[in-house]
Amino acid sequence: MSHAVKDLAVAGLVVLAAASCAAPAPPRSVAATAPPAAPTGPAALPAPTGTHPVGATTLYVKDTSRPDPWVPDVKARELMVTVWYPAQAGKGRRAPYMTAKESELTLKGKEVTGVPYDVLSRTRTNAVEDAKPAGRKGGLPLVVLSPGFTMPRSTLTALGEELASRGYVAAGVDHTYENYATTFPDGRVAECVACDSDTDPGFGAKVADVRAADVSFVLDQLTGPHAKWEGSSLIDPSEIAMAGHSIGGAGAVAAMLKDARVRAGIDMDGTTYARIPKRGLSRPFLFLGSAGHQPGGRDNSWDRDWKLLTGWKRWLVLPGADHQSFTDVPLLAGAVGIAVPGGLSPARSVEITRAYVRAFLDRHLRHEPQPLLDEPSPRYPEVRFCTAGPTCR
């Protein structure tokens, strides 16, 4: 298994943009190997494009039915979840991006130096912390967001805020002990225990399985009779999807196989470790990736699984993208003085990711036609439509 996390020493400060261990490292572009620039200070995430004000809240949930899969002495699985949602208009404090300790441990884990260790915690978001949820009862589709290995849930904030502004509830999950730092409400900080196991046989499949279990529990907590969030009654429990980056994408496949409530899935540039049964997976699925995931590329898992996706499906590739182009990492590059990974500008990579994820969800959770998904678009000429075989168009 290829672990791009092992490439940390190759490119100096560019390590923040290194892929999680869920996908082979893409070829390094000129932009990705350019000399580091002077840090610009804290980043600001681009405003979401929808009409709804956005709120964000943080939930602590505890699954007492299972021990932690990475630290068996911990007798319950503890998770932190950020929920982005349509909110009532009003002023308030911007939701935090991450804690200062999470910023420090993430930068140390990626071997980034020369910047204040709290710089990522000072990233400016667009959501209002704990704003009052808005919407009609049972009217909001739910999307679970799962980050790449070693990466916190906060690195999918730009996507989460966008979906909330468009009338979705988005729930970003920190998969405890799989990223550099997760902070619990009592101040405890869980570090990356799983990082010591990432060369073990079957590691990717284990992570995908753990994430599927985590997602099922989070769905219980957001939609069940004992829901933990005050806006849970606004969620439509029949319209749920999952989108994951890197090994979070593998988790999306695993979650769909485990839990029928997840009716549609997106894998953003992740090797698919969860094996689809020969009978196939008939629910809608989107592959959205960089050149390493085009047909015949270094990672053949999408070629393998394409024929097993028996329902609506699309395979989209951005040849100029880096593994992290589908996350907030390009937006954070200037803050820590690294070159922007890949050949797309941060603004363009966010725009494309938001557009195609949103179109997929609008089609399959809102059941609205989406011509953007039917053929290549002159608005996004970077995006190529692929099928199994040697070429894309």
| field | Polar side-chain atom of His245 near backbone of His323 as donor-acceptor pair, under 3.5 Å | value | yes
| query | Between atom CE of Met98 and atom OG of Ser121, what is the distance when rounded to the nearest 0.5 Å? | reply | 8.0 Å
| message | Taking Leu156 as the starting point, is it possible to reach Leu344 by hopping between hydrophobic residues whose side chains are less than 4.5 Å apart? | response | yes
| remark: Pro67 and Pro72 have their tightest heavy-atom pair at CB-O, 4.0 Å
| field | Whether Phe285 and Phe287 hold their rings parallel, tilted or perpendicular, with breakpoints at 30° and 60° | value | perpendicular
| query | To the nearest 0.5 Å, how far apart are OG in Ser246 and CE in Met268? | reply | 10.0 Å
| task | Examine the side chains of Asp269 and His293 and answer whether a donor and an acceptor come within less than 3.5 Å of each other. | result | yes
| said: Less than 6.0 angstrom separating the ring centers of Tyr85 and Trp229, yes or no? | reply: yes
| Under the salt bridge (Lys or Arg N to Asp or Glu O under 4.0 Å) criterion, do Arg393 and Glu375 qualify, and how do the steps go? | CA-CA 9 Å; Arg393 62 187 177 99; Glu375 61 184 356; 5.4 Å; no
| field | Neighbour count >12 (heavy atoms, 6.0 Å) for atom CZ, Arg275 | value | no
| request: Measure the acute angle between the ring planes of Trp312 and His364, then classify it against the limits of 30° and 60° as parallel, tilted or perpendicular. | output: perpendicular
| request: Could you tell me whether the side chain of Lys132 and the main chain of Gly90 form a donor-acceptor pair under 3.5 Å? | output: no
| Near-ring test Phe326/Tyr356, centroid separation under 6.0 angstrom | no
| query | Would you find a donor on one side and an acceptor on the other, under 3.5 Å apart, between the side chain of Lys313 and the backbone of Thr310? | reply | no
| message | What I want to check is whether the side chains of Thr150 and Lys110 have a donor and an acceptor closer together than 3.5 Å. | response | yes
| message | Less than 6.0 angstrom from the centroid, inside 45 degrees of the normal: does Lys108 satisfy that with respect to the ring of Tyr117? | response | yes
| Is a side-chain donor-acceptor pair under 3.5 Å present for Asp220 with Thr223? | no
| field | Sidechain-backbone polar pair: Asn300 side chain, Asp303 backbone, donor-acceptor under 3.5 Å | value | no
| Looking only at heavy atoms, which two atoms of Pro381 and Arg348 are closest? And how far apart? | CD-NH2, 3.8 Å
| message | Using the rule that Ile, Leu, Val, Met, Phe, Trp and Tyr join whenever any side-chain heavy atoms are under 4.5 Å apart, tell me whether Val383 and Phe360 fall into a single cluster. | response | yes
| Exercise: identify the closest heavy-atom pair between Pro147 and Pro152 | CB-O, 3.6 Å
| query | Side chains of Glu129 and Thr57: is there a donor and an acceptor less than 3.5 Å apart? | reply | no
| task | Assess whether side-chain hydrogen bond (donor to acceptor under 3.5 Å, both in side chains) is satisfied between Asp328 and Thr155, documenting all intermediate values. | result | CA-CA 5 Å; Asp328 293 351; Thr155 53; over 6 Å; no
| request: Rounded to the nearest 0.5 Å, what's the gap from CZ on Arg166 to CZ on Arg366? Could you check? | output: 9.0 Å
| Can you list the steps and then say if Asp63 with Lys75 is a salt bridge (Lys or Arg N to Asp or Glu O under 4.0 Å)? | CA-CA 9 Å; Asp63 185 357; Lys75 300 305 180 184; over 6 Å; no
| message | Check whether Arg94 reaches the backbone of Thr125 with its side chain - one donor and one acceptor, N or O, closer than 3.5 Å. | response | yes
| query | Does the pair Asp374 and Arg363 meet the rule for a salt bridge (Lys or Arg N to Asp or Glu O under 4.0 Å), with working shown? | reply | CA-CA 11 Å; Asp374 294 334; Arg363 180 164 188 157; 3.0 Å; yes
| said: My understanding is that only one of Glu351, Glu162, Glu368 makes a salt bridge (Lys or Arg N to Asp or Glu O under 4.0 Å) with Arg358; could you say which? | reply: Glu162
| field | OH on Tyr97 to OG1 on Thr82, rounded to 0.5 Å | value | 10.5 Å
| Is the backbone of Val71 close enough, under 3.5 Å, to the side chain of Asp68 for a donor and an acceptor to pair up by distance? | yes
| said: I want to check a possible cation-pi pair here: Arg77 against Tyr177, using under 6.0 Å from ring centre and within 45° of the ring axis as the test. | reply: no
| Tyr180 and Glu102: CA distance, side-chain angles, deciding distance, side-chain hydrogen bond (donor to acceptor under 3.5 Å, both in side chains) verdict | CA-CA 7 Å; Tyr180 288 120; Glu102 288 167 345; over 6 Å; no
| Of the non-hydrogen atoms in Pro295 and Cys392, which two are nearest, and what is the gap between them? | CD-SG, 3.4 Å
| task | Would you tell me whether Asp299 and Thr271 have side-chain atoms, one donor and one acceptor, within less than 3.5 Å of each other? | result | yes
